[in-house]
Amino acid sequence: MRFFDYFRQNKKNSASQAKERLQILIAHERTSRNAPEYLPQLRHDLMSVIRKYVPIDDESVKVQVEKGAGFDVLELNITLPDS
Amino acid sequence: MSKVIVVTSGKGGVGKTTTSAAFAMGLAKNGFKTVVIDFDVGLRNLDLIMGVERRVVYDFVNVINGEAGLKQSLIKDKRVENLYILPASQTRDKDALSQDGVESVIKELKNEGFDYIVCDSPAGIEKGAFMALYFADEAIVVTNPEISSVRDSDRILGILQSKSRHAEQGREVKEHLLITRYSPERVDEGQMLAVEDILEILAIPLLGVIPESNAVLQASNQGDPVILANKTRAGQAYSDIVSRFLGKTVEHRFLDTERKGFFRRIFG
Ligand SMILES: Nc1ncnc2c1ncn2[C@@H]1O[C@H](COP(=O)(O)OP(=O)(O)OP(=O)(O)O)[C@@H](O)[C@H]1O
Ligand SMILES: [Mg+2]
């Protein structure tokens with residue numbers, strides 16, 4: 001660690017937090033920006049179907065469309081709770 | 001060939017009007033015939049920053065509605081050759097800017113031989129902001145080193161890439177990032193996002209960085225675009241971005257604190 005970095009270290013917190021939060025948020029917003037309009041509703045419906053069988057929380061269902069060459073892929077990612 | 005450049009941001013109060021005024025004046029100082037248009041219908045402000053508020057007779061909406069001719073509505077700057085201002089209207093009718101109307105004004109400006117048409121966008125992503133960016137060939141995205149401003153810039157970039165006329169025609173709007181109100185001291189203290197952080201997140205080419213500076217307030221008090229204050233850091237930073245925009249290689253300055261420079265020399 002360089003001498004100067006030592007001074008930076010403990011004070012650096014809030015800006016690096018801002019950066020991390022932005023990276024996550026913007027990545028998310030970019031994928032949903034290009035997504036079809038039905039996606040939020042689809043996600044909502046999927047969640048209620050799954051909840052008939054397993055209790056899951058709101059963040060455990062990810063639905064996104066990946067653009068491929070000549071075709072798009074609907075990607076579902078459902079994390080089940082620890083049993 | 002004339003070029004349409006939108007100065008946009010999503011978030012309000014980040015420095016769009018300050019930038020539009022300085023940038024347009026800088027282009028004109030470099031010999032290009034330039035017009036700067038205020039798209040902030042209902043909240044006209046560019047006239048004040050340009051110091052021409054007492055010379056406004058007709059405005060953008062008058063021209064669109066055919067109530068006044070374009071030539072009689074353009075205000076010719078008295079400080080710099082080749083610079084014209086088209087003020088916004090103070091009407092409260094938000095639909096006053098029609099797409100056809102804006103297009104015909106831009107067309108006429110092109111026919112008049114303007115090299116650059118600079119569009120000062122209002123904040124938000126509503127109709128006014130959309131009209132300001134729709135016809136753009138290039139965009140200057142003004143961003144403050146602050147979390148909500150960066151997010152809004154990314155949204156505006158998304159709109160430029162999908163809703164602008166260039167996008168509709170399968171072409172790209174050339175994007176430039178302009179970071180304003182930058183404070184190296186606060187970056188050093190870890191309180192403010194650094195230039196590199198913002199670049200990494202938004203991932204578009206950096207046109208320049210304007211430091212936080214009292215000169216901006218002073219310039220607006222006087223009605224002289226800050227680029228005229230050529231002894232100030234903000235004024236010089238704006239001159240630099242104009243040069244860069246025109247293709248010259250100019251090193252970025254005012255990015256480091258004095259203190260950091262000192263430490264870098266010793267330990268760097
Ligand atoms: N580099 C700077 N240093 C200090 N103050 C600045 C700087 N740039 C802009 N400001 C100040 O920020 C405020 C907003 O600036 P400006 O009106 O240019 O923003 P805007 O993006 O056009 O706002 P709006 O979204 O309302 O149209 C003004 O008070 C201006 O003086
Ligand atoms: Mg403004």
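- Looking at B/Val150 and A/Ile26, their side chains come closer than 4.5 Å, going by heavy atoms from C-beta outward.
- Side-chain contact between B/Leu193 and A/Leu22: present, with at least one pair of heavy atoms (C-beta onward) separated by less than 4.5 Å.
- Between A/Ala15 and B/Gln191, the shortest heavy-atom distance links the atoms CB-C, 4.1 Å.
- Note that the CZ atom of B/Arg151 and the CG atom of A/Leu25 stand 4.5 Å from one another [nearest 0.5 Å].
- Enclosure of atom CD in B/Glu172 is not indicated, since only 12 or fewer non-hydrogen atoms of other residues, nucleotides or ligands lie within 6.0 angstrom.
- More than 12 heavy atoms of other shown residues, nucleotides or ligands fall within 6.0 angstrom of atom NZ in B/Lys127.
- Rounding to the nearest 0.5 Å gives a distance of 6.5 Å between CZ of A/Arg33 and CD of B/Gln161.
- Annotation for B/Glu168: atom CD counts as buried by contact number, over 12 foreign heavy atoms lying within 6.0 Å.
- No side-chain donor-acceptor contact under 3.5 Å links A/Ser14 to the backbone of B/Met192.
- Summarising the local packing, CD of B/Gln169 is surrounded by more than 12 heavy atoms from other residues, nucleotides or ligands at distances under 6.0 Å.
- Residues satisfying the side chain to side chain contact (heavy atoms under 4.5 Å, CB included) criterion with B/Ser148, sequence neighbours excluded, are B/Lys11, B/Glu146.
- Crowding of A/Arg21 atom CZ: a count of heavy atoms from other residues, nucleotides or ligands under 6.0 Å not exceeding 12.
- Annotation: residues 40-52 of chain A contacts chain B through no residue [non-hydrogen atoms, separation under 4.5 Å].
- With rounding to the nearest 0.5 angstrom, the CG atom of B/Asp197 is 11.0 Å from the CD atom of A/Glu20.
- Here the straight-line distance linking atom NZ of A/Lys19 with atom CD1 of B/Ile147 works out to 12.5 Å at 0.5 Å rounding.
- At most 12 non-hydrogen atoms from other residues, nucleotides or ligands lie less than 6.0 angstrom from CG of B/Asn214.
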